[in-house]
Novice: 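Below is a structure I'd like to ask you about.
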Amino acid sequence: DTAVSQTPKYLVTQMGNDKSIKCEQNLGHDTMYWYKQDSKKFLKIMFSYNNKELIINETVPNRFSPKSPDKAHLNLHINSLELGDSAVYFCASSQELDSYEAFFGQGTRLTVV
Amino acid sequence: AQSVTQPDIHITVSEGASLELRCNYSYGATPYLFWYVQSPGQGLQLLLKYFSGDTLVQGIKGFEAEFKRSQSSFNLRKPSVHWSDAAEYFCAVDTNNNAGNMLTFGGGTRLMVKP
């Protein structure tokens, strides 16, 4: 019973396309995140949502648009994909007023060709 | 601004040897500190965390870490490494930027284990 699940696990697409990555957590957490891991394994936060409200937006291009239909889901839509968007995208969730421990999904490896 | 530094990009140890992975942080307030492990093609799994109290914290898989405020360090240790410990290890600090909590990660240390 996966706690944080992302789909798809792998995504290969051409430049200029629009794609979405979905994330769901069944932990009952209030906060969800998107992190990006680049080719050098460096991890950096992109967005966080608390109870469907955008809390953190870390200087991410407007082509990236997160959407949270409910507090258990946080999707990431990317418009006009560029080569530099190739990375592994991780979804995570945490309970803010609890332990602050973030639980991560298995990641989505996006390759833009 | 907060930052986390892992000075060692790669470390190779022999199976059965002891291990120490270094982590230094820069953060004005009392930090919440974490170590995560990432196996190839996998997500991040929490090894251990420090919030307050005893500065030596125990984690899963036989790992421990010691918080040293005077050195701004949170080094990860294991007395005897197993081949299955080969992975990427990330130190992170939870910071609150007045909008919400987020993890700031170090650059990672790749651990290789020799038979």
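Lettering follows sequence order; numbering is per chain, from 1.
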Novice: In sequence, state the C-alpha distance, the side-chain angles, and the governing distance for B/F63 and B/Y89, and then conclude on ring pair (Phe, Tyr, Trp, His ring centres under 6.0 Å).
Specialist: CA-CA 12 Å; B/F63 285 93; B/Y89 290 80; 5.6 Å; yes

Novice: Is it the backbone or the side chain of A/Q6 that comes under 4.5 Å from a heavy atom of chain B, or both, or neither?
Specialist: neither

Novice: Examine whether an atom of B/Q38 lies under 4.5 Å from a heavy atom of chain A, and if so say whether it belongs to the side chain, the backbone or both; otherwise answer neither.
Specialist: side chain

Novice: Please report the C-alpha distance between B/Y50 and B/F34 in whole Å, then the side-chain angles of each, then the deciding distance to 0.1 Å, and finally whether the ring pair (Phe, Tyr, Trp, His ring centres under 6.0 Å) criterion is met.
Specialist: CA-CA 6 Å; B/Y50 171 79; B/F34 303 82; over 10 Å; no

Novice: Under a 4.5 Å heavy-atom cut-off, does chain A meet the side chain of B/L44, its backbone, both or neither?
Specialist: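 It is both, since atoms from each part get that close.
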
Novice: Against chain B, label A/K9 side chain, backbone, both or neither, depending on which of its atoms sit under 4.5 Å from a heavy atom there.
Specialist: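 Side chain of A/K9 only, per the 4.5 Å heavy-atom cut-off to chain B.
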
Novice: If you measure from the Lys or Arg side-chain nitrogens to the Asp or Glu carboxylate oxygens, is any gap between A/R63 and A/E82 under 4.0 Å?
Specialist: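 Here A/R63 pairs with A/E82 in a salt bridge, since their nearest N and O are under 4.0 Å apart.
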
Novice: What's the verdict on side chain to side chain donor-acceptor pair (under 3.5 Å) for B/N75 and B/E66, showing C-alpha distance, side-chain angles and the deciding distance?
Specialist: CA-CA 6 Å; B/N75 294 348; B/E66 186 170 13; over 6 Å; no

